[in-house]
Peer 1: 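Below you'll find the structure I mean.
Heads up: numbering here begins at 1 and tracks the sequence.
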Amino acid sequence: MANKKEFKTINPTNEQEIKTYQYMNQDKVDSIIENCHNAFTEWKMKSLEERAKVIKSIGENLKNHKDELVELMTQEMGKLTKHSKQEVDLCAGICDWTAQNAPDELKDEKRELPNGGNGVITYSPLGVIYGIQPWNFPSYQVIRYAIANLMAGNGVLLKHAESVTGTALLLEKIFKEAGLPEHLFSVLIINHDQSDKVIENDLVRGVTLTGSPDAGKVVAKKAGAELKKSVMELGSNDAYLILEDADIEKAVKMCTQGRIYNNGEVCVAAKRFIVTEKVYDEFKEAFVKSMSGITYGDPTEKDSKMGPMARKDLREDLHEQVEKSVKNGAKILCGGKLPEGKGYFYSSTVLENVKPGQPAYDDELFGPVASLIKAKDTDDAVRIANDSRFGLGGGIFSKNEDKAMEIAKKHFDTGMVFINSFGLAQPNMPFGGVKNSGYGREHGGFGVKEFVNAKAIMNLN
């Protein structure tokens with residue numbers, strides 16, 4: 001990897017080359033880090049209101065470049081055009097919410113001290129924050145951590161997934177056009193060895209990664225060795241519970257959407273469908289029919305319900321997981337085949353008889369493959385849901401919303417739970433997980449405080 005000089009981005013729909021990029025040399029990388037730090041030293045002196053004004057401007061400029069961003073994201077990773085549009089809208093919404101609400105989250109807090117005197121808690125920015133981001137939401141993944149940290153007064157570096165380098169550079173342009181000071185947000189086009197050196201750089205004060213648990217363990221270890229704060233948003237195999245009093249028609253609709261949204265390549269997607277035995281056959285029949293009706297095709301065409309997977313190797317890995325699950329006892333109810341022809345497409349798939357020891361039960365299937373699991377009752381469904389090393393999100397379908405809320409609050413061991421619905425991120429709600437799904441939170445006022453120094457200033461007179 002270290003000796004490789006360049007790489008190409010590939011359109012997953014037609015397998016055509018998009019563009020060739022050169023890796024930056026180490027001198028260039030070091031210069032970018034130093035420039036980002038220097039920009040931070042000035043940016044941190046800006047008032048919260050001044051920062052918020054720039055953040056709001058970034059949101060407006062995202063809308064100005066919406067068509068360009070939508071076309072590029074769909075070209076680089078294969079998401080449906082309508083999903084690319086929704087992604088840009090979400091990004092602009094995050095900017096608006098942050099500009100409006102973060103100044104209150106970050107303002108000084110006054111406290112009286114027990115033995116007299118008074119204290120002030122101030123949230124001071126740390127410095128340069130390094131983000132390592134994946135390809136599945138090429139704009140959102142960047143906006144999610146960058147906007148919060150810029151609002152907090154930090155500088156931001158981005159190492160994006162190679163396959164969406166074009167989107168990374170366009171975002172850098174959008175930020176700069178919006179009035180963000182030069183060098184404060186910078187893209188690093190680097191390999192893994194160079195990335196390790198970024199983490200080691202004394203000017204880098206924090207590291208945030210969205211990726212696989214294996215990548216998280218490596219990066220967290222390196223950050224920890226440098227005594228640097230880190231946030232890890234990792235994978236999951238989210239369980240959706242269909243209880244015996246669920247609205248089956250609604251559950252089928254939401255579960256299908258939750259499994260195939262963004263071509264099934266979502267960390268917080270619905271993946272394991274745990275159905276109580278009283279309604280198992282009814283749900284199974286309707287769900288398989290629904291999933292069988294999901295047609296794939298060119299993501300720029302309005303009739304396409306699903307685009308290709310983002311890369312050839314990802315499709316191969318997914319199919320290998322399906323085959324291994326079948327070998328260990330799972331049954332294919334629909335799909336499960338590698339389509340012929342151009343493009344990294346994979347048919348929507350449902351697996352039954354999914355049990356421990358199969359990738360479909362134990363691991364994350366990052367593509368349009370659903371795992372169908374029968375539970376005896378509600379308690380058994382919750383047990384199966386929590387029988388996972390992951391804990392990002394999940395869902396509960398029940399007409400008794402009070403009961404669903406009780407299960408979500410007291411028994412579901414995840415960072416997020418959706419009731420009678422499927423959803424992604426909300427700007428005003430925390431996003432993140434537990435167990436092997438990582439640690440730390442983004443959004444909802446939590447993200448702006450992940451990389452700050454909560455400084456205690458005390459006057460004891």
Side-chain angles (χ1 to χ4, degrees), residues 235-260 268-292 321-322 325-326 328-334 348-365 369-423 433-437:
S236 192
N237 59 359
D238 288 4
Y240 274 59
L241 313 186
I242 295 87
L243 305 184
E244 59 186 56
D245 62 349
D247 180 332
I248 298 301
E249 183 179 351
K250 183 176 185 179
V252 167
K253 180 181 178 181
M254 291 292 101
C255 289
T256 301
Q257 179 185 334
R259 180 61 289 205
I260 61 96
V268 73
K271 291 168 185 154
R272 292 182 298 147
F273 301 88
I274 303 169
V275 190
T276 50
E277 59 183 1
K278 286 188 177 181
V279 292
Y280 180 83
D281 289 338
E282 181 184 358
F283 178 85
K284 168 185 164 181
E285 181 181 356
F287 185 55
V288 172
K289 181 179 179 181
S290 178
M291 287 287 284
S292 298
Q321 288 177 304
V322 170
S325 297
V326 171
N328 290 340
K331 178 183 177 183
I332 297 175
L333 299 182
C334 67
S348 53
T349 300
V350 179
L351 299 177
E352 189 183 28
N353 197 32
V354 173
K355 298 178 179 179
Q358 302 169 2
Y361 186 99
D362 300 328
D363 303 328
E364 178 174 35
L365 272 58
V369 180
S371 299
L372 197 54
I373 304 169
K374 183 188 290 188
K376 295 176 183 177
D377 51 26
T378 297
D379 288 344
D380 193 37
V382 173
R383 177 192 65 79
I384 295 169
N386 290 332
D387 183 27
S388 171
R389 68 181 189 275
F390 299 109
L392 185 58
I396 303 170
F397 287 90
S398 169
K399 291 177 182 175
N400 187 338
E401 293 192 358
D402 289 339
K403 179 179 73 174
M405 184 66 72
E406 183 80 358
I407 293 170
K409 288 198 291 187
K410 296 184 178 180
H411 303 289
F412 222 140
D413 194 11
T414 64
M416 297 172 280
V417 184
F418 298 96
I419 295 177
N420 291 322
S421 63
F422 163 73
V434 296
K435 299 191 281 186
N436 277 21
S437 290

Peer 1: Got a second to check how far N237's CG is from E364's CD, nearest 0.5 Å?
Peer 2: 7.5 Å
Peer 1: Looking at K376 and E277, what are the two nearest heavy atoms and their distance?
Peer 2: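 Looking at all heavy atoms of both residues, the closest pair is O-CG, 3.5 Å.
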Peer 1: Using atom types as modelled and distance alone, determine if a side-chain donor or acceptor of S290 lies under 3.5 Å from a backbone N or O of A286.
Peer 2: no
Peer 1: For G357, does its backbone N or O pair with a side-chain atom of D362 as donor and acceptor, under 3.5 Å?
Peer 2: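 Yes, because the side chain of D362 sits within donor-acceptor range (under 3.5 Å) of the backbone of G357.
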Peer 1: Side chains of L241 and V382: closer than 4.5 Å at any heavy-atom pair?
Peer 2: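 Heavy-atom side-chain distance check passes, below 4.5 Å.
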Peer 1: Between K403 and D245, which heavy-atom pair has the shortest distance, and what is it?
Peer 2: NZ-OD2, 3.6 Å
Peer 1: Any chance you could measure C334, atom SG, to K289, atom NZ, to the nearest 0.5 Å?
Peer 2: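 One finds 13.0 Å between SG of C334 and NZ of K289.
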Peer 1: Search all heavy atoms of L243 against all heavy atoms of A381 and return the closest pair with its distance.
Peer 2: CD2-CB, 4.4 Å
Peer 1: How would you list, by chain and number, every residue that makes a side-chain hydrogen bond (donor to acceptor under 3.5 Å, both in side chains) with S325, sequence neighbours excluded?
Peer 2: none
Peer 1: Could you grab the distance from atom CG of D247 to atom NZ of K253, nearest 0.5 Å is fine?
Peer 2: 10.5 Å
Peer 1: Taking only residues two or more places apart in sequence or in another chain, which ones pass side-chain contact (heavy atoms from CB on, under 4.5 Å) with D363?
Peer 2: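 With sequence neighbours excluded, D363 shows a side-chain contact (heavy atoms from CB on, under 4.5 Å) to Q321, P359, R389, given in chain and number order.
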Peer 1: Could you tell me the separation between the CD atom of E406 and the CD1 atom of I396, rounded to the nearest 0.5 Å?
Peer 2: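 If I round to the nearest 0.5 Å, the distance is 10.5 Å.
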Peer 1: Starting from the C-alpha separation in whole Å, work towards a yes-or-no answer on salt bridge (charged side-chain N to carboxylate O under 4.0 Å, His left out) for D281 and K284.
Peer 2: CA-CA 5 Å; D281 289 338; K284 168 185 164 181; 5.2 Å; no
Peer 1: Do Y280 and L372 have side chains that get closer than 4.5 Å, going by heavy atoms?
Peer 2: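 A side-chain contact under 4.5 Å exists here.
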Peer 1: Is it the case that over 12 heavy atoms from other parts of the model lie below 6.0 angstrom from the NZ atom of K435?
Peer 2: yes
Peer 1: If you define the side chain from C-beta out and look only at heavy atoms, does anything of D387 sit under 4.5 Å from Y361?
Peer 2: yes
Peer 1: Kindly write out the residues that satisfy ring pair (Phe, Tyr, Trp, His ring centres under 6.0 Å) with Y240, not counting sequence neighbours, or none if the list is empty.
Peer 2: none
Peer 1: Do you know which two heavy atoms are closest between M291 and T349, and how far apart they sit?
Peer 2: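 That closest heavy-atom pairing would be CE-O, 3.6 Å.
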Peer 1: Which residues pass the side-chain contact (heavy atoms from CB on, under 4.5 Å) test with N328, not counting sequence neighbours?
Peer 2: K324, Q358
Peer 1: Could you tell me whether the side chain of R259 and the main chain of K271 form a donor-acceptor pair under 3.5 Å?
Peer 2: no
Peer 1: So which pairs with a foot in residues 392-413 pass ring pair (Phe, Tyr, Trp, His ring centres under 6.0 Å), sequence neighbours left out?
Peer 2: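 Qualifying pairs, neighbours excluded: none.
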Peer 1: Compare all side-chain heavy atoms of K331 with those of L351 and state whether any distance is below 4.5 angstrom.
Peer 2: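 Heavy-atom side-chain distance check fails, nothing below 4.5 Å.
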Peer 1: Could you pull out the closest heavy-atom pair between I248 and F283, with the gap in Å?
Peer 2: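 Taking I248 first and F283 second, the nearest heavy atoms are CG2-CA, 4.1 Å.
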Peer 1: Evaluate D238 against R272 for salt bridge (charged side-chain N to carboxylate O under 4.0 Å, His left out), listing each step before the verdict.
Peer 2: CA-CA 6 Å; D238 288 4; R272 292 182 298 147; over 6 Å; no
Peer 1: For N353 versus K355, what's the shortest heavy-atom pair and its separation?
Peer 2: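 Taking every non-hydrogen atom into account, OD1-CE, 3.0 Å.
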Peer 1: I need the single residue from N436, V434, L392 that forms a side chain to side chain contact (heavy atoms under 4.5 Å, CB included) with S236. Which is it?
Peer 2: L392
Peer 1: Drop me the distance from S292's OG to F287's CZ, to the nearest 0.5 angstrom.
Peer 2: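 Going from the OG atom of S292 to the CZ atom of F287 covers 10.0 Å.
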Peer 1: Q257: what forms a side-chain contact (heavy atoms from CB on, under 4.5 Å) with it, not counting sequence neighbours?
Peer 2: M254, F422
Peer 1: Just by distance, do the side chain of T276 and the backbone of T378 share a donor-acceptor pair under 3.5 Å?
Peer 2: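 No, the answer is negative, given that no donor and acceptor are paired below the 3.5 Å cut-off.
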Peer 1: Can you tell me how far CZ of R383 sits from CD1 of I274, rounded to the nearest 0.5 angstrom?
Peer 2: 9.0 Å
